[in-house]
Amino acid sequence: MYFLNSEEKKHLLKGYLPKSRKIHIDEDLRGWNWNQPPLAPIYDIKLPLYEIANKYCSTCRDVYLRKVENVKAKQNLDMILGVIFHEALVNFIIKAKRLIYINGIGKCNDVFEELKKVDFSPLDRRKDLISPEEMEDAKNKVNFIWNYEYGQVISRIQDVLSRQPYINEDSLISLALPVVVEQKLDGSFLGLSKYLSADAFTMSEPMVVDLKFGKKKDFHRLCTTGYALVMESVFEFPVNVGCIVYGNFKNNRLIIEKDFHIIDDELREWFIEERDERMHMVFEGIDPGLAEECYDTCPYYADCH
Ligand code: SF4
């Protein structure tokens, strides 16, 4: 799901990348300037990035309840499924890389055979959280994700092997699977947690990728923006492009849509504003009040109503 098809590649290479290199980004809004305003955190607290980037509750009362009142809420079904699908994808990519290293180039057919076996461990670990019917449905969906990835990755490996007769395992992985999943990052320069985990980082071009299962929301771009700022603060190179991969299941199919975007000044300012507001609320213990419209699957519904 993290790999681009030829059309997407064209859009990225001929559209977003050249545009992102031409566009002016205010130096003050580059992550490497984390030690001065407006990036320098105002309060001495650390927040996970999702507490800033998730705005499912319009007043962010969920953050207040978690961080100030210490209310623990059970995850709703969408959240549990999202974690299962994410984990399935991460397991697939790691398994593919591991099998290539273990088996070597000469035994790629063994890699392909072994990779066919779907790993259902993300479901097994959560079997007490969802009903048997939901479990069955989730199993089908994990199967879709796994098989989709299998097709993509096998064709990428075969393509590289057919063009590079003297390639070694390490180089094959870097060309066929040029992505780091669950990239761990220290966000403390920007007042964020030291243990952030970006869904994926593509190496062909510095691009942050975030995976979502569900409906598109404008605030999803806050997540890629936050990770881009953190990467700039840690590695000191520009990260100009983000991509949100939306996975949805329709008519027994996995439908994938990608939202490429330039991490421009507007998004950077929006992220910093949200971070400062959230920090102020948590530091001062201010209850922001109820949202105008509460969604009925909100894990805090019972606490708020
Ligand atoms: S119930 Fe409403 S106010 Fe409370 S956290 Fe959920 S969306 Fe926000």
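Just so it is clear, the values below take in all heavy atoms, side chains as well, and ignore hydrogens, waters and symmetry mates. Given the structure is predicted, the values throughout are model-derived calculations rather than measurements. Numbering of ligands and ligand atoms starts at 1, following listing order.
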Cut-off under 2.8 Å, centre atom 6 (Fe) of ligand 1, protein N/O/S atoms: Cys298 SG
Residue list, ring-ring contact (aromatic ring centres under 6.0 Å, His included) with Tyr101, at least two apart or on another chain: none
Could you pull out all residues at least two apart from Tyr50 that satisfy ring-ring contact (aromatic ring centres under 6.0 Å, His included)? none
So, Lys184 and Ser197: side-chain donor and acceptor under 3.5 Å apart, yes or no? yes
Could you tell me if His220 and Tyr246 have a donor-acceptor pair between their side chains, going purely by distance under 3.5 Å? yes
Could you name each residue pair satisfying salt bridge (charged side-chain N to carboxylate O under 4.0 Å, His left out) that touches residues 154-177, not counting sequence neighbours? Asp159-Arg163
Evaluate side-chain contact (heavy atoms from CB on, under 4.5 Å) for Tyr43 paired with His280, printing each intermediate quantity in order. CA-CA 7 Å; Tyr43 300 98; His280 177 65; 2.7 Å; yes
